[in-house]
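Just so it is clear: chains get the letters A, B, ... in the order the sequence lines come, proteins before strands, and each one is counted from 1.
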Amino acid sequence: MTHFDADGLPLSFAVSDRSEKNHLLQQSTKSRGETEEDWTAIENSAMAGSDRQRRWQRFLAAIAELGNNEQTALAAWLVEPLAIANPEAKKIRITRQPDLMTTVVDDSASAPYAAAIVRQENGSVRLVQLPPPRMAAKSRGEDRE
Amino acid sequence: MSDASVNTEQPVLSSAWLKFWFHAEPGTQSLFAIRVGLSLIACWYFASHWVDAGTWFSANGILATERLGDFLDAGDLADDAKWRVSPLYLISSTTALHCYLAMGIMLAIAAVMVRTSRVPAILLWLWCLWLANRSLLIAGPEELALVFGLAYLTIPKPDDTRLCFKRGLTLSGKARNTMKNDLPPKGQTPFKTEPSHWTHALASRLLQVHMALLLAATGLTMLASKIWWDGTGSVSIVAPIGRRVFDFTDLLTSPWIHESITHAIVVVPIAASIMVWLPATRLHAYLAAMIWCVVLALLSSQWMYLATIVVLLQCFNTTSEPATLDR
């Protein structure tokens, strides 16, 4: 913590980087073959703009930043208690919500962190990182047909 | 300086530098208003942790001590966090955490009410600091401003501020009778009493210098990002509407509105950090900085941080002569 930032958060209020976006924690109860609709948000009860919500968002932003920097093992340390707290979840991920300042490219980017949850008999969990979704492709010949 | 303002408790200070830091002039803003304001914000800070204290810090919490230690070790971050000392790392019970928060609120009240000793002020500062240190990954600028503000309030000699307190309240009964002779003349603002000790002046000066640096740093840091040059800074602040109390995105669609607000947000803190030291412009700079805080609070929903800054800016709300070194 310095005069110029506090826990890495600059005092400048906004620099329009990805950490400032609204982050969502989502879960899927399907083990495989899920679609976007199968992901549901794990809501935090804090009111928008409250101190409680700000702390929650800082925490999610820290995980997303670790995921973006390919520090997924570290991100898993932080996600683990969230996975334990949601026993019905088979997969868990953190996404950024699009807003006025995001472009189509930003909005189409894959989730900064996504993992499958492997539950152990003793109640602990292991998180296995999910690969980013592949781009759909088909041959040009199919279009002509 | 008039004869009436000469105080026997003040050392004879020859150089302008020493006078700047240690000479408590008549009319210098009492720190009482700042103390009350920061104590209220400290109550707010502790209360805001109440619901989630167990969720974050308990034995099974998201930031449980053991888990956090493993995380820091795994990330080779232990060195970065070694100064974040806090006894809260030893507490894992939600009930004990709630007791800590309740004691923090009581200390915030005591720091205003008990002015015969520095102990409540020092304890309140430590209580906030320890909670801020424990809030690894979830702390922000509000902790920074609150903790340094409370640290400076531990400096003034207690008797001095107690006098201000009694003069300021003058409620009724015994306190009114016993302090009758100490009351300021009719019509004079009770908080603007004459500080009698150099520690009062030192605390005020440290706050003033720190606040001027904070304003300058905030404005100059903005210049590092292009959004504060191209006029979209204010839109960037309001854009994550899921984290905002008010949605100003429609209001800011007009380019001249969001560009004007963006440039004002950058210019005001930089200009104010200099203008608060000049006698002719100090009041304007102080008022502009207050408006800046209100606008930013509405746009960014960072209520606690900006409320703390508003309280700390009261150190410039003074009727005394300008706080320059060449007097």
Side-chain angles (χ1 to χ4, degrees), chain A residues 1-24 41 44-63 65-66 69 71 73-85 96-102 123, chain B residues 44-45 48-49 51-52 56 60-64 67-68 70-71 74-75 132 135-145 147 210 213-214 217-228 232-246 249 265 296 299-304:
Chain A
M1 197 178 277
T2 70
H3 294 300
F4 297 93
D5 68 58
D7 272 2
L9 300 168
L11 301 176
S12 51
F13 295 96
V15 289
S16 198
D17 74 0
R18 56 195 180 189
S19 69
E20 290 167 6
K21 306 304 168 208
N22 201 33
H23 291 86
L24 267 185
N44 183 276
S45 61
M47 195 183 78
S50 66
D51 302 303
R52 287 178 60 212
Q53 197 223 25
R54 196 166 298 115
R55 288 179 195 121
W56 179 246
Q57 281 295 326
R58 283 174 192 147
F59 181 70
L60 295 185
I63 299 171
E65 209 52 37
L66 288 170
N69 294 325
Q71 302 274 354
L74 280 178
W77 278 106
L78 301 177
V79 174
E80 202 178 286
L82 305 174
I84 293 171
R96 291 195 178 93
Q97 285 189 310
D99 63 39
L100 273 179
M101 299 298 283
T102 52
Chain B
W44 175 6
Y45 177 57
S48 74
H49 269 285
V51 176
D52 290 334
W56 290 115
N60 297 319
I62 298 170
L63 298 176
R67 185 187 306 280
L68 198 57
D70 291 343
F71 167 76
S135 305
L136 202 68
L137 300 174
I138 57 172
E142 56 268 28
E143 277 93 349
L144 173 76
V147 167
H210 200 139
L213 285 173
L214 184 83
T218 304
L220 293 172
T221 313
M222 285 175 181
L223 298 180
S225 173
K226 72 177 171 63
I227 59 165
W228 295 104
T232 58
S234 56
V235 183
S236 288
I237 290 181
V238 301
I241 50 171
R243 295 158 61 179
R244 304 288 179 258
V245 175
F246 302 111
T249 47
I265 287 173
L296 269 173
L299 295 180
S300 71
S301 296
Q302 294 214 31
W303 308 106
M304 192 184 291

Check: residues 233-241 of chain B side-chain donor-acceptor pairs under 3.5 Å, at least two apart:
unit_1   : atom_1 : unit_2   : atom_2 : d
B:Ser234 : OG     : B:His258 : O      : 3.0
B:Ser234 : OG     : B:Thr262 : OG1    : 3.0
B:Ser236 : OG     : B:Thr232 : O      : 3.4

Contact summary for A:Arg58 and B:Gly140, nearest pair of heavy atoms: NH1-N, 3.3 Å
Any residue meeting salt bridge (Lys or Arg N to Asp or Glu O under 4.0 Å) with A:Arg55, in chain and number order, not counting sequence neighbours: none
Largest heavy-atom contact set with chain A, pairs under 4.5 Å, which of B:Ala64, B:Ala145, B:Ser225, B:Gly219: B:Ser225
Pair B:Leu63-A:Phe59, side chain to side chain contact (heavy atoms under 4.5 Å, CB included): steps then yes or no: CA-CA 10 Å; B:Leu63 298 176; A:Phe59 181 70; 3.9 Å; yes
Residues A:Asp51, B:Trp44; criterion side chain to side chain donor-acceptor pair (under 3.5 Å); working and verdict: CA-CA 10 Å; A:Asp51 302 303; B:Trp44 175 6; 3.0 Å; yes
Nearest-0.5 Å distance, OG of residue B:Ser301 to CE of residue A:Met47: 8.5 Å
Per-residue contact mode, A:Leu24 against chain B (heavy atom under 4.5 angstrom): neither
Option in B:Gln302, B:Arg244, B:His49, B:Met222 with maximal non-hydrogen atom pairs under 4.5 Å from chain A: B:His49
Whether B:Arg243 side chain and A:Lys21 backbone form a donor-acceptor pair below 3.5 Å: yes
Engaged part of B:Leu299 at the chain A interface, taking heavy atoms whose separation is under 4.5 Å: neither
Side chain to side chain contact (heavy atoms under 4.5 Å, CB included) assessment of A:Leu78 paired with B:Leu137: CA-CA 10 Å; A:Leu78 301 177; B:Leu137 300 174; 3.8 Å; yes
Residue pair A:Leu66 / B:Phe71: nearest heavy atoms and the distance that separates them: CD1-CE1, 3.9 Å
